[in-house]
> 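Got a structure here, written out as structure tokens. Questions coming.
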Amino acid sequence: MRGAFVVQLGPDSNPAEGRFEGWVEEVDSCIELRFRSTEELLKFMGLRLDLVTGSRGKTPACEVSGNPPRKTPAQKAKKSK
């Protein structure tokens with residue numbers, strides 16, 4: 001399912017102020033990112049979509065913020081098999 005993301009908003013999100021924080025996961029790769037701003041969320045999603053569509057010369061998703069994307073337990077289990 002290309003271009004699909006799961007977003008979980010945290011308790012510090014305040015839509016009225018345009019402030020969102022939480023976790024985002026790209027469904028295909030199971031790569032997650034803890035985001036602390038709308039800008040971080042959108043940048044992560046944009047970079048991941050660029051990778052899917054074959055864009056070149058972009059910053060890797062792991063450089064979106066100071067918090068590198070992490071692998072989910074399911075993704076780690078696949079690697080160990």
> List the residues meeting side chain to side chain contact (heavy atoms under 4.5 Å, CB included) with Leu42, not counting sequence neighbours, and say none if there are none.
Thr38

> What pairs meet the side chain to side chain donor-acceptor pair (under 3.5 Å) rule with one or both residues in residues 5-18, with sequence neighbours excluded?
Asn14-Glu17, Glu17-Arg19

> Between Glu21 and Arg34, what is the shortest heavy-atom contact and its length?
OE1-NH1, 2.5 Å

> What's the spacing between Asp28 CG and Phe5 CZ if we round to 0.5 Å?
9.0 Å

> Per the side chain to side chain contact (heavy atoms under 4.5 Å, CB included) rule, which among Leu49, Val52, Leu33 passes with Glu26?
Val52

> How long is the gap from CG on Leu47 to CD1 on Ile31, to the nearest 0.5 Å?
11.0 Å

> Working to the nearest 0.5 Å, report the span between CD of Glu32 and CZ of Phe44.
8.5 Å

